[in-house]
Amino acid sequence: MSANPLGNPLLTGLTEDQAAQPCTLVIFGGGGDLSRRKLLPAMYNQALDGALPANFALLGVALEEMDDDAYRAFAREGVERFSRQALDERHWQDFGRLLHYQPGSFTDPQTYARLKERLETIEPEFGIPGNRIFYLAIPPALIETCVENLNAVGLVYPVGNDGPFSRIIVEKPIGHDLASARGVNDVLGRNLDESQIYRIDHYLGKETVQNILVMRFGNSIFEPLWNAKYIDHVQITVAEEEGVGTRAGYYDHAGALRDMVQNHILQLLTLIAMEPPWAMRADIIRDHRQEVLNCLRPITPDVIDEHVVRAQYGPGFHQGADVPGYRREEGVAPDSTTETYVALKVYIDTWRWAGVPFYIRTGKRMPKRASEIAVHFKSVPPILFNANPDRQLEQNVLALSIQPNEGLSLRIATKLPGPKVKIFPVKMDFRYGSTFGDQSPEAYERLILDVMAGDATLFMRRDAVERSWVFIEDILQSWASSGTRWLPEYSAGTWGPLESDRMIEAGRHKWRLL
Ligand code: BG6
């Protein structure tokens, strides 16, 4: 496929009145890993691309003792190692000037009083009219104290006036279960209006994920087929090569279902399954996504064994080297029953999706990093080319590759050249890399820009977070009541346990080879 990205720039992203506004971005946890790897490089790339508002400043707040210069050096190291675009010395000088730092404990009210003073100095210097975005890149336990203190010192403006805005970005996890998610949302709701809250799910900022809407509703050929009449089943895979790494402290209490399915994967599902929205407006799109969550068929204890498989990685290989099993990883309890892999068969009880299984799988220490959504269309009738039951034609598959190797491919049956009618499945393939050249922006680049523009389309509303937990909690409760002491194991570097193959095969389907 070819495209001329400059020839037909039908971009309907940020509109005139949704341009990024002048503001100060305050990052709580500005000295942490997320800032170093993702947030600061994201801001640098926006600066390089000329996407930042002309009046902009960034202020990191964290416990570490640093001054502005040390923070700039910290940011520079992060950009050098993790930025999408290489560091350019001339641009760096301009960008570095925007960065500031203030040390302080998040539990100390003085930190917030000092922050307010600092903002009041920075804002006139950079011509910023008082707009503030607070990014909470902090452990969930600190959200409450942080938000209440911000409010107490008057850093949260009321909504509904024409004055400057204050917005808050909250990172996952939002809660550990339904009750704790409600607790976090209550704290946020007591201190801010829902329109000021941006719950980030970085999967929604991925270029390929945003393309789901364009593919479905910007083309006429897919939507008429997008239903139970033509679609046989859908597979969503999010496979990671890495193990738990240094995050055992969090992960061992979370597991794959909470870490990946409750948020990222259910959000992918909503985009694939939602009804066509009638306007590209945040509230409309979020309402439509919400309907999918509302219609998820609960996985109750009586069906859990046919619908859910969980497993943990054992010792195995990663890039040719021996790697330990999950329970031997640093910080993991030696008798941990936390799942590092989960596979689910999910139904959406609507007319559109009646009877169509959505298979989901995600795991750590899989053979490779590969995320895709594969839509399998129904087989052609057993007539003509598909008449021989021993030689069934393969189904048409539309595969959206989310990462890496971003793109989209369609498998179709074709006649093999030659005197006989021999049918061969071929792929029509579109790859972002070869068509558009440049690397796509990182999810955080797009999402932070959206917050500056006040566009909440790609963020999680309160009801989405809580409804997802309702679905997940049924499964968690069944697991808790089963009192399992050991999980099925899969060797590190393999595609998960046999139980998962059996689950999908029970529905006469097979996991795709990725
Ligand atoms: C995070 C999870 O939200 O997403 C991690 O907590 C996971 O466990 C990560 O590794 C995956 O994100 P990405 O963008 O690398 O696919």
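The chain is numbered in sequence order, starting from 1. Heavy atoms only: backbone and side chains are in, while hydrogens, waters and symmetry mates are out. For ligands, and for the atoms within them, numbers begin at 1 and follow the listed sequence.
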Query raised in the report: For R431, does the CZ atom sit with more than 12 other heavy atoms under 6.0 Å from it, leaving out its own atoms?
Result: yes
List ligand 1's nitrogen or oxygen atoms that come under 3.5 Å of a protein nitrogen or oxygen, with the partner atom and distance.
{"unit_1": "ligand 1", "atom_1": "3 (O)", "unit_2": "K172", "atom_2": "NZ", "d": "2.8"}
{"unit_1": "ligand 1", "atom_1": "3 (O)", "unit_2": "H264", "atom_2": "NE2", "d": "2.7"}
{"unit_1": "ligand 1", "atom_1": "6 (O)", "unit_2": "K172", "atom_2": "NZ", "d": "2.8"}
{"unit_1": "ligand 1", "atom_1": "6 (O)", "unit_2": "R247", "atom_2": "NH2", "d": "2.9"}
{"unit_1": "ligand 1", "atom_1": "6 (O)", "unit_2": "D259", "atom_2": "OD1", "d": "2.6"}
{"unit_1": "ligand 1", "atom_1": "6 (O)", "unit_2": "D259", "atom_2": "OD2", "d": "3.4"}
{"unit_1": "ligand 1", "atom_1": "8 (O)", "unit_2": "R247", "atom_2": "NH1", "d": "2.9"}
{"unit_1": "ligand 1", "atom_1": "8 (O)", "unit_2": "D259", "atom_2": "OD2", "d": "2.6"}
{"unit_1": "ligand 1", "atom_1": "8 (O)", "unit_2": "K364", "atom_2": "NZ", "d": "2.8"}
{"unit_1": "ligand 1", "atom_1": "10 (O)", "unit_2": "E240", "atom_2": "OE1", "d": "3.3"}
{"unit_1": "ligand 1", "atom_1": "10 (O)", "unit_2": "E240", "atom_2": "OE2", "d": "2.4"}
{"unit_1": "ligand 1", "atom_1": "10 (O)", "unit_2": "K364", "atom_2": "NZ", "d": "3.2"}
{"unit_1": "ligand 1", "atom_1": "12 (O)", "unit_2": "H202", "atom_2": "NE2", "d": "3.1"}
{"unit_1": "ligand 1", "atom_1": "14 (O)", "unit_2": "H202", "atom_2": "NE2", "d": "2.8"}
{"unit_1": "ligand 1", "atom_1": "14 (O)", "unit_2": "K206", "atom_2": "NZ", "d": "2.6"}
{"unit_1": "ligand 1", "atom_1": "16 (O)", "unit_2": "Y203", "atom_2": "OH", "d": "2.4"}
{"unit_1": "ligand 1", "atom_1": "16 (O)", "unit_2": "Q403", "atom_2": "NE2", "d": "2.7"}

Query raised in the report: Between Y359 and H509, how do the two ring planes meet: parallel, tilted or perpendicular, split at 30° and 60°?
Result: perpendicular
Report task. Would you please classify the geometry between the F28 ring and the F134 ring as parallel, tilted or perpendicular, with 30° and 60° separating the classes? Result -> tilted
Query raised in the report: Can you tell me if Q85 and N45 form a side-chain donor-acceptor pair at under 3.5 Å?
Result: yes
Query raised in the report: Would you call the rings of F74 and Y71 parallel, tilted or perpendicular, where under 30° means parallel and over 60° means perpendicular?
Result: parallel
Report task. Answer yes if the side chains of E148 and N191 hold a donor-acceptor pair under 3.5 Å, and no otherwise. Result -> yes
